[in-house]
Number of protein chains: 2
Amino acid sequence: MSDRGGRRSAAESAESTPRYLQIKQAVLEQIRSGVWRPGDPVPGDAEVARRFGCARMTAHRALRELADEGVIERRRRAGSRVALRTTRSLLVDVPRIDLEIEATGAEYGYRLLARSLGRTTHSARARLRLGPDGRTLWLLCLHLADQRPYQLEERWIDLAAAPAAEHESFRDIGPNRWLLEHVPFVGAEHLIRAEAASRRAARHLEVEPGAPLLVLERRTFREQRVVTWVRLAHPGARYVLRTASGEHG
Amino acid sequence: MSDRGGRRSAAESAESTPRYLQIKQAVLEQIRSGVWRPGDPVPGDAEVARRFGCARMTAHRALRELADEGVIERRRRAGSRVALRTTRSLLVDVPRIDLEIEATGAEYGYRLLARSLGRTTHSARARLRLGPDGRTLWLLCLHLADQRPYQLEERWIDLAAAPAAEHESFRDIGPNRWLLEHVPFVGAEHLIRAEAASRRAARHLEVEPGAPLLVLERRTFREQRVVTWVRLAHPGARYVLRTASGEHG
DNA sequence: TCGCCGATTATGCCTAGGCAATTCAGCAGG
DNA sequence: CCTGCTGAATTGCCTAGGCATAATCGGCGA
């Protein structure tokens, strides 16, 4: 144990990438190149530590993270193996709509189409898990990219969970951004589906009625309560959700 | 240090949940309940270790994982703060189709509709990043749940990246499963959109032409190369992608 | 008052151990 | 032949330290 709490100055392999990352990369390299194939055993903590000349905890961290990421599977006594991955989970980034649009270089526009207190449909009530006398704020907004309709947002807010929303006009600020700044969220639940455009949605989004829309529904939770439920509809032809996982180039 | 390498028998707070998880939960509880709000400072490694009576590494692991998950933000010297989260990423689980169907209790069925060598369209060629003389295998398959069409799969495989595919009939095994067992993947790129059903897709999926379909496209990579590109189409009305992030009840 | 530079401090990574929990394999007994 | 027990292998979690690095804050000089 000399410098940096024992990191040997000898190797210093890749300048200064942390040791545990070097190990992760080495393992990934074996898998990527096909030397280790799905189902094959991977050396255990102790063996890895010996090969890399590091403490077992360091090797352990590398292997644990790989397991967390689904690259390998670990079981006590049975040892570690390269995961037989099905298709791995898919990370979709759903950024704030205004930032998303501006990131593409387009000009962001926002219009409040309607705002109503108490217009609570039965299904909205159910989705908000609202009691019979719960009050809501209903909003219909349109987000534009370069003056063209980009996303139609229909939202219900439980006024008991976010009372301040009642006194906000939402004429100049989108409800998403307002809520992010005023209500602490914890969790969310999403649902993605394809739908045919209703007449109203078609009119606002400037597509034909019946045209395919990509619809994203989100419920946002705070302490077991649904704060808000929102339906985001995009013209299917002009909109995609993009995502990447693992490594590629 | 007494039992379990020093874990004090005294508290043993929650029976036997690991110490680092207890710390994570405690921090999350502060945030969930609104005591710590976005932007507020979070005690550092040393302080947490002191409060919980554990080693700094244990506190460090809890805080590091929270940072990895995007719950808190950490900066040297500046300390840790509750993250100002925008909308967090959205984890969609895309399981293997046969397992997915069987998980719902339905009977899984598979049919190979067409198989062709060399039928490479220009767009497929581009998406596979194929040279002008690259050879591909094209497949059209249908996955059924309880005898009803569930997913239409159209797939191109780069035969240079997966030569063995040429000699596989794919009559009894789906390409997804076959590839998982024969070609080591590393990364994937997904794209989700809504589309109107083409006449051919409508016929296979037993919907009206023009009906909304939820389409998932996936490119799978291995060492900078695209191994396979697949288009998975689902009847929009009968299919949704479901997901949850964070915690809710 | 402004800008630079060192001291301070919190995070990040590491070691070298040790105990706990899980589970596989083999063996004994019914 | 099956069942249950036991030993051993392996991962998982923990401690108690130490050095490295980054970023902020004060002080000092111009």
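Nothing here was measured: the structure is a model prediction, and the numbers come from that model. Every chain is numbered from 1 and lettered A, B, ... according to where its sequence line falls, protein lines coming before strand lines.
Closest to the side chain of A/R76, from the set C/dC24, C/dA20, D/dT21, is C/dA20. Here the side chain of B/R64 is nearest to one of C/dA10, C/dC13, C/dT15, namely C/dC13. Minimum atom distance to the side chain of A/Y20 is reached by C/dC13, of the listed C/dC13, D/dT24, D/dT15. Distance from the side chain of A/M57 is smallest for C/dA16 among the nucleotides C/dA16, C/dC13, C/dT22. When distances run from any side-chain atom of B/A55 to the nucleotides C/dT15, D/dA16, C/dG18, the shortest one goes to D/dA16.
Note on B/R64 versus A/E65: salt bridge recorded, some NZ/NE/NH1/NH2 to OD/OE distance being below 4.0 Å. Between A/R231 and A/E217, at least one side-chain nitrogen of the basic residue sits less than 4.0 Å from a carboxylate oxygen of the acidic one, meeting the salt-bridge criterion. Ion pairing between A/R127 and A/D158 fails under the 4.0 Å rule for side-chain N and carboxylate O.
The nearest whole Å value for the distance from the CZ atom in A/R19 to the P atom in D/dC19 is 18 Å. For B/H60 and D/dC13, the NE2 to P distance is 15 Å, given to the nearest whole Å. Rounding to whole angstrom units, CZ of residue A/F52 and C1' of C/dA16 are separated by 19 Å. The separation between A/R56 atom CZ and D/dC14 atom P is 13 Å, rounded to whole Å. Between the CG atom of A/L63 and the P atom of D/dT11 there is a distance of 8 Å, rounded to whole Å. The CZ-P distance, from A/R75 to D/dT11, rounds to 12 Å in whole Å. Taking atom CG on A/D45 and atom P on D/dT11, their separation rounds to 5 Å, with Å as the unit. Spacing between atom CD1 of A/I72 and atom P of D/dT11 amounts to 9 Å, rounded to whole angstrom units.
The residue A/R61 sits close only to the backbone: its heavy atoms come under 4.0 Å of sugar-phosphate atoms, none of a base.
Taking 4.0 angstrom as the limit, B/S80 places a side-chain polar atom (N or O) nearer than this to OP1 or OP2 of C/dT11.
If you find the closest nucleotide of DNA chain D to A/A46 and to B/A59, the one lying nearer the 5' end belongs to A/A46.
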Given the rule in the side-chain hydrogen bond (donor to acceptor under 3.5 Å, both in side chains) test, do B/R155 and B/T228 qualify, once you have shown the distances and angles that lead to the verdict? CA-CA 7 Å; B/R155 184 185 289 270; B/T228 179; 3.0 Å; yes
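Two rings, from A/H143 and A/Y150, have their centers 6.0 Å or more apart.
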